[in-house]
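The structure under discussion appears below in the form of structure tokens.
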Number of protein chains: 2
Amino acid sequence: MARLPVYLRILSEQAELEVECISSDRLAELCGANAAKVRKDLSYLGSYGTRGVGYEVAYLVYQIRRELGLTHDWPVVIVGAGHLGQALAGYGGFGERGFPVAGVVDIDPAKVGSVLGGVRVRHIDELAQIVQARRVNIGVIATPTSAAQEAAERLVAVGVTSILNFAPVVLSVPRSIEVRKVDLAVELQILSYHEQRKATTGGLRSVGGAAGQRSASA
Amino acid sequence: MARLPVYLRILSEQAELEVECISSDRLAELCGANAAKVRKDLSYLGSYGTRGVGYEVAYLVYQIRRELGLTHDWPVVIVGAGHLGQALAGYGGFGERGFPVAGVVDIDPAKVGSVLGGVRVRHIDELAQIVQARRVNIGVIATPTSAAQEAAERLVAVGVTSILNFAPVVLSVPRSIEVRKVDLAVELQILSYHEQRKATTGGLRSVGGAAGQRSASA
DNA sequence: AGGCACTCGTGCACACGTTCACAAAGCCCA
DNA sequence: TGGGCTTTGTGAACGTGTGCACGAGTGCCT
């Protein structure tokens with residue numbers, strides 16, 4: 001399920017607050033969801049809570065990390081050293097969460113050699129070397145739209161099996177490759193859609209608590 | 001539906017290639033989906049294709065833009081001038097797609113005054129002024145996690161009704177505010193999950209054509 | 001020890017989204 | 001004009017995911 005990462009983040013935060021035990025009710029509240037859904041998700045995971053008490057936070061964190069394959073780091077390689085590539089490399093949040101940046105590559109020789117967030121930009125011809133040396137399985141495409149398909153093919157050719165794609169194109173890759181897409185323009189257009197609906201229906205609006213934060217999934 | 005933006009992009013591309021008419025089959029192929037799904041989505045939209053021929057691209061583009069509220073620009077304001085905020089402001093793809101950056105604000109006086117992608121960074125106290133002057137309805141949160149909630153509250157206070165949130169937190173806002181979340185770490189963790197499954201099942205992999213690119217929705 | 005309050009796990013019904021299959025409708029050509 | 005080919009639009013089946021409700025197990029207090 002795509003909700004496990006969310007649970008993991010919430011639970012990690014709770015762990016830092018030294019909360020040892022948490023109920024499905026509370027957990028549901030913290031991630032804006034239904035208590036039954038939380039319980040069902042966690043039961044699918046197979047891990048057990050204790051009735052009458054709740055879930056042991058530390059144990060649950062361990063189980064989810066295990067299920068998500070986060071027991072070890074997954075180095076990633078970023079293709080494209082433009083604005084977005086720079087931002088991603090410099091973000092720093094990746095390394096902390098188990099996804100160290102093994103390298104940043106670009107096809108433009110003028111960009112090679114500059115340093116982003118402690119990582120030197122290398123030429124895309126070195127991609128195979130980087131991937132093999134660090135056993136990289138995950139590639140991030142941060143190139144312009146026109147270069148995304150070629151970037152994907154190069155990543156696949158050197159053995160990358162999962163791709164996070166920021167370019168607004170549908171990549172053509174073998175079925176065995178897992179691709180996830182983040183399209184910022186699409187997100188904005190969805191917001192625009194809701195704005196437009198608010199404007200045209202012109203009705204009054206209910207003001208309530210916080211719940212339901214649409215996010216990426218499926 | 002969250003798929004309309006995808007259709008719009010594909011159709012716009014086809015329009016530039018001077019394709020005047022397109023069938024649901026072809027359209028489905030281009031966006032990696034099912035033909036029946038495409039037809040149902042478009043019929044929900046109410047717009048009509050012609051049987052035996054297909055859909056008129058230009059008309060469909062107009063209809064979708066209309067449905068999504070893209071008949072006029074939606075200026076956005078970016079809160080947070082860190083790496084991500086810089087990348088977003090400098091991206092340029094926003095303006096082209098109808099979301100010009102009305103302003104970038106940050107709470108750090110040291111960052112105020114620098115120029116990102118043609119937009120000068122201003123102090124967050126000027127937020128209200130920017131929003132009212134440019135009639136901004138959409139805010140983008142590109143702050144660190146710890147500042148995201150405050151950023152959201154400030155945006156809501158000055159009248160922003162839609163928020164695109166890049167910080168990995170569930171924002172607490174009134175129900176009337178539309179929030180969409182993009183969490184890069186979650187995306188990577190989902191990829192990690194699939195990598196881990198590949199590794200443990202250890203089975204052989206089918207190699208097929210391109211179809212099915214998971215993306216943000218719901 | 002017994003009762004009570006609490007919370008997990010889960011069967012079941014419901015709603016939604018997806019897919020199939022087919023009739024209606026349009027175009028082209030003889 | 002009529003028949004055949006193509007493609008839309010949509011009703012119906014299917015599968016999935018969601019939410020409710022309740023039994024079962026646990027801890028606490030008397």
Side-chain angles (χ1 to χ4, degrees), chain A residues 1-7 10-11 14 19-64 67 170 186 190 193 208-209 211-218, chain B residues 1-7 10-11 14 19-64 67 186 190 193 209 211-218:
Chain A
M1 301 287 184
R3 282 186 297 268
L4 286 180
V6 179
Y7 297 147
I10 303 279
L11 287 167
Q14 293 300 307
V19 176
E20 293 186 356
C21 202
I22 192 168
S23 72
S24 60
D25 240 326
R26 175 86 178 118
L27 188 48
E29 183 190 341
L30 288 173
C31 57
N34 184 297
K37 194 192 297 187
V38 171
R39 287 202 298 274
K40 193 153 281 189
D41 288 344
L42 296 182
S43 77
Y44 159 84
L45 211 152
S47 89
Y48 294 163
T50 43
R51 306 179 179 209
V53 180
Y55 297 90
E56 193 192 337
V57 174
Y59 182 62
L60 210 48
V61 165
Y62 169 75
Q63 284 293 337
I64 296 180
E67 178 74 10
V170 179
V186 166
I190 293 172
Y193 167 75
Q213 218 110 130
R214 338 286 171 275
S215 178
S217 72
Chain B
M1 301 286 187
R3 281 186 299 269
L4 285 181
V6 180
Y7 298 147
I10 303 280
L11 288 168
Q14 293 299 309
V19 175
E20 293 186 357
C21 202
I22 192 169
S23 72
S24 60
D25 240 327
R26 175 87 179 116
L27 188 48
E29 184 190 340
L30 287 173
C31 60
N34 185 298
K37 195 193 295 187
V38 171
R39 287 202 298 274
K40 191 150 280 191
D41 287 346
L42 297 183
S43 77
Y44 159 82
L45 209 153
S47 91
Y48 293 163
T50 45
R51 303 178 183 212
V53 179
Y55 297 89
E56 193 192 336
V57 174
Y59 182 63
L60 210 49
V61 166
Y62 170 74
Q63 284 293 337
I64 296 180
E67 178 74 10
V186 166
I190 293 172
Y193 167 76
Q213 218 110 134
R214 340 283 172 276
S215 178
S217 72

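Every chain is numbered from 1 and lettered A, B, ... according to where its sequence line falls, protein lines coming before strand lines. Computed from heavy atoms alone, side chains included, the values below leave out hydrogens, waters and symmetry copies.
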When you measure from the side-chain N and O atoms of [X] to the phosphate of [N], is any distance below 4.0 Å, counting only OP1 and OP2?
X	N	value
Lys40(A)	dG17(D)	no
Tyr48(B)	dG26(C)	no
Asn34(A)	dG17(D)	no
Ser24(A)	dC8(C)	yes
Arg3(B)	dT18(C)	yes

| How far apart are the C-alpha atoms of Asp41(A) and Tyr7(A), what are their side-chain angles, what is the distance that settles it, and do they pass the side chain to side chain contact (heavy atoms under 4.5 Å, CB included) test? | CA-CA 10 Å; Asp41(A) 288 344; Tyr7(A) 297 147; 2.7 Å; yes
query = Roughly how far, to the nearest 0.5 Å, is CD1 of Ile22(B) from CD1 of Ile10(B)?
reply =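 The CD1 atom of Ile10(B) sits 8.0 Å away from the CD1 atom of Ile22(B).
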If you assign Val53(A) and Arg39(A) each to the DNA chain D nucleotide with the nearest heavy atom, which residue ends up on the more 5' nucleotide?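 Its nearest nucleotide lies further toward 5', so the answer is Arg39(A).
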Worksheet entry | Which residue lies more 5' along DNA chain D, comparing Met1(A) with Ile22(B) via nearest heavy atoms |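 Closer to the 5' end of DNA chain D: Ile22(B).
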Please tell me if the side chains of [X] and [Y] come closer than 4.5 Å, counting only heavy atoms from C-beta onward.
X	Y	value
Tyr59(B)	Gln63(B)	yes
Glu29(B)	Arg26(B)	yes
Arg39(B)	Tyr55(B)	yes

Provide, to the nearest angstrom, the distance between the [atom1] atom belonging to [X] and the [atom2] atom belonging to [N].
X	N	atom1	atom2	answer
Arg26(A)	dC8(C)	CZ	C1'	18 Å
Tyr55(A)	dT7(C)	OH	P	12 Å
Lys37(A)	dG11(C)	NZ	C1'	19 Å
Leu42(A)	dG9(C)	CG	P	8 Å
Arg51(B)	dA25(C)	CZ	C1'	5 Å
Leu60(A)	dT7(C)	CG	C1'	14 Å
Glu56(A)	dT26(D)	CD	C1'	15 Å
Asp41(A)	dT16(D)	CG	C1'	13 Å

Problem - 5′-ward residue of the pair Gly52(A)/Ala36(A) relative to DNA chain C - result: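 It is Gly52(A), whose closest nucleotide lies nearer the 5' terminus.
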